Structure formats: structure tokens, C-alpha cells
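Everything numeric in this text was worked out from a predicted model, so none of it was measured.
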Amino acid sequence: MSDKPIELLQRLKSLSGPFPTWDMGQLPERPGKLFLDWLRVAVENEVKEPHAMTISTVDHDGHPDARVLILKNVIDETFYFASSSESRKGQQLKENPHVALTFYWPSLGRQIRIRGIAEDCGDEAGANDFRKRSAGARAVAMTGHQSEVLDSEEVLDRSIEAQKVKISRDPGVVTPNWRLYAVNAQEVEFWQGDSERKHVRVRYSMQDGQWNTLRLWP
């Protein structure tokens with residue numbers, strides 16, 4: 001007899017460690033500096049795809065959506081990602097630019113939560129990001145039907161092949177729907193997990209143009 005879902009889940013371990021220590025006496029004044037410090041630790045420890053993040057948006061009814069994207073850049077407390085403006089997330093950002101970003105690195109027991117406002121960086125920035133993508137990724141983006149209902153695999157394949165031909169003829173071609181977004185953080189929380197659940201949490205929040213730091217209960 002197969003396991004019941006609850007029995008399967010109860011056998012799974014979580015936060016088993018060991019995890020890196022976090023010197024609370026050396027907190028930087030700004031969260032961007034701490035984010036880069038933690039990112040470097042993740043890379044050094046060979047965390048798989050440490051630049052993958054969950055981005056959460058809301059639709060016009062206030063219903064949340066979440067999906068995983070790649071972080072493109074970090075400058076101070078501004079975090080960048082790219083997407084089609086015609087996608088579901090792109091349409092939601094037009095109506096409500098408030099977003100949340102979440103990073104989770106299980107092997108380190110670390111989580112970073114970011115709340116902020118997303119801004120479109122403009123045509124040139126979107127085009128520059130688009131040109132850096134692989135030919136295959138550009139071809140898929142240029143089909144222009146992200147999140148729409150797919151009639152058949154054959155239709156998808158034909159559309160992608162047609163866009164690949166277009167790219168081969170004009171390697172610099174871009175789609176105007178591709179946008180680079182900058183999320184200006186207003187709140188950043190760093191979470192260091194503990195095997196005994198005595199988690200360490202620090203929240204940076206922007207108030208009156210200054211970053212304030214608070215230690216939170218686990």
C-alpha cells in the first residue's frame with residue numbers, strides 16, 4: 001500500500017544543517033551590502049542557481065501570483081529582473097507595481113525576503129537585456145504568446161522556428177515587449193535557519209530616507 005501524503009511528508013527532514021554562523025555584530029548599515037555578502041557565500045558553497053528567486057505579484061482582484069525568475073543584477077538596494085510586458089506578470093505590474101522577491105538556499109538554511117516597487121527601465125535597457133539572451137530564449141520570447149493557451153505543440157514549434165529564422169537574418173532584432181524591471185527595495189529581511197528552530201531574523205526597512213534595522217523573533 002502506498003504511503004499517505006501526510007506519512008510521506010512527515011518522513012522528510014527540514015533544516016537539518018549544519019549551517020554557517022552569522023556574526024550579528026558585523027551587520028552593514030545597508031541591506032544591499034549584506035545581500036551581496038550572502039550571495040557570495042552561496043556561490044562559494046556551490047548552491048545551485050543561487051540567483052533564482054520567486055517573484056510575487058497581485059492581480060486586479062488582489063489575488064497573488066508567484067513564479068521563479070533569475071536575478072539579473074543588483075545595484076545598492078535595487079534588484080533587476082526581465083520579462084515580457086505582455087505576460088501575466090507584466091500585465092499585473094502595469095496595474096500594481098508592488099512586488100515581493102524571495103530567495104531560499106536550503107543547504108545554507110538561508111532565506112532573503114524583499115518587498116519593493118518595480119519600475120520599467122525603458123526601451124534601451126529592455127533591448128540590451130534581450131540581446132544578451134541565447135538565440136533559443138529570444139526565439140521563444142519573440143513568439144509573443146506567453147501565458148496564453150497553447151493549441152498544439154506543432155503550432156509552438158513552427159512559431160519558434162520562424163523566429164529563429166528571423167534572428168539568423170537579423171541578429172540584433174528585439175521584441176518591444178521585452179522589459180527590464182528594477183525593484184527598488186523598501187524592506188529586506190534576512191533569515192538564518194536553525195536546526196532547533198531558534199532562527200535568526202533581521203529586517204531592514206526604509207523610513208524617512210534611512211535604513212533602520214530590527215531583530216525579529218524566530
Side-chain angles (χ1 to χ4, degrees), residues 14-15 17 19-45 47 49-83 89-90 92-122 125 179-218:
S14 61
L15 295 174
F19 299 131
T21 58
W22 184 10
D23 185 356
M24 298 295 293
Q26 300 295 323
L27 287 177
E29 294 182 358
R30 302 177 66 93
K33 171 65 166 58
L34 183 54
F35 176 86
L36 290 178
D37 290 344
W38 276 29
L39 179 62
R40 292 187 183 98
V41 171
V43 172
E44 291 167 359
N45 283 270
V47 171
E49 298 186 356
H51 55 333
M53 61 183 182
T54 299
I55 174 171
S56 303
T57 56
V58 294
D59 64 17
H60 65 276
D61 293 319
H63 300 157
D65 265 326
R67 74 289 288 168
V68 177
L69 295 180
I70 295 298
L71 177 68
K72 293 300 188 78
N73 195 10
V74 183
I75 301 177
D76 296 326
E77 284 70 46
T78 302
F79 300 78
Y80 295 82
F81 71 92
S83 177
K89 77 181 80 64
Q92 291 171 352
L93 288 171
K94 290 179 183 178
E95 292 192 18
N96 187 344
H98 289 83
V99 301
L101 310 177
T102 307
F103 295 83
Y104 180 50
W105 304 320
S107 61
L108 300 178
R110 287 183 167 179
Q111 180 179 192
I112 303 172
R113 301 168 56 201
I114 301 163
R115 302 174 76 185
I117 298 176
E119 295 182 1
D120 187 332
C121 294
R179 317 303 292 180
L180 182 69
Y181 295 93
V183 177
N184 299 303
Q186 297 178 324
E187 182 179 293
V188 184
E189 180 184 323
F190 295 86
W191 184 94
Q192 174 64 70
D194 178 76
S195 298
E196 297 300 320
R197 298 333 191 240
K198 188 183 176 182
H199 312 310
V200 179
R201 298 173 60 188
V202 171
R203 183 175 67 202
Y204 288 80
S205 58
M206 175 59 71
Q207 297 179 357
D208 300 324
Q210 299 290 329
W211 286 103
N212 294 326
T213 308
L214 293 172
R215 174 78 183 270
L216 306 178
W217 279 69

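Between the E29 side chain and the T213 main chain, no donor and acceptor come within less than 3.5 Å of each other. Distance alone, capped at 3.5 Å, is enough to place a donor-acceptor pair between the D194 side chain and the E196 backbone. At least one donor-acceptor pair under 3.5 Å links the side chain of R201 to the backbone N or O of W217.
Classified by interplanar angle (parallel below 30°, tilted 30° to 60°, perpendicular above 60°), the ring pair F79/F103 is tilted. Taking the six-membered ring where tryptophan is involved, the planes of F190 and W38 are perpendicular, since the angle between them exceeds 60° and thus also 30°.
Considering only heavy atoms from C-beta on, T57 stays 4.5 Å or farther from N96 through its side chain. The closest side-chain heavy-atom distance from V58 to H98 is not below 4.5 Å. When side chains are defined from C-beta on, W22 does not count as touching V41, because their heavy atoms never get closer than 4.5 Å. Side-chain contact between M24 and V202 is present, with heavy atoms from C-beta onward closer than 4.5 Å. Looking only at side-chain heavy atoms (C-beta outward), S14 and R197 come within less than 4.5 Å of each other.
Considering CZ of F35 and CG of L101, their distance stands at 9.0 Å, rounded to 0.5 Å. Atom OG of S56 and atom CD1 of I114 lie 11.5 Å apart (nearest 0.5 Å). With values rounded to the nearest 0.5 angstrom, K33 atom NZ is found 15.5 Å from W211 atom CH2. Summarising the geometry, atom NZ belonging to K72 is positioned 9.5 Å from atom NE2 belonging to H51; distances are rounded to the nearest 0.5 Å. The line from CZ of R179 to NZ of K89 is 14.5 Å long, rounded to the nearest 0.5 Å. If you take CZ on F19 and CD on Q192, they are separated by 7.0 Å, rounding to the nearest 0.5 Å.
The side-chain hydrogen bond (donor to acceptor under 3.5 Å, both in side chains) check on Q111 picks up nothing, with sequence neighbours excluded.
F81 pairs with exactly one of I70, N73, I55, L71 by the side-chain contact (heavy atoms from CB on, under 4.5 Å) rule, that one being I55.
The shortest non-hydrogen separation linking H199 to G193 is ND1-CA, 3.5 Å. Taking each heavy atom of W105 and V47 in turn, the nearest pair found is CD1-CG1, 3.7 Å. Summarising the geometry of A118 relative to L93, their closest heavy-atom pair is CB-CD2, 4.0 Å, with the distance given to 0.1 Å. Closest approach of S195 to G17, counting heavy atoms only: OG-N, 3.9 Å. Residues A82 and L69 approach most closely at O-CD1, 4.3 Å, considering heavy atoms. Between L216 and E189 the shortest heavy-atom distance is CD1-OE1, 3.8 Å.
H63 and D61 are not linked by any side-chain donor-acceptor pair at a separation below 3.5 angstrom, with hydrogens and angles left out of the test.
For R113, the CZ atom counts as loosely surrounded, since its 6.0 Å shell holds 12 or fewer non-hydrogen atoms of other residues, nucleotides or ligands.
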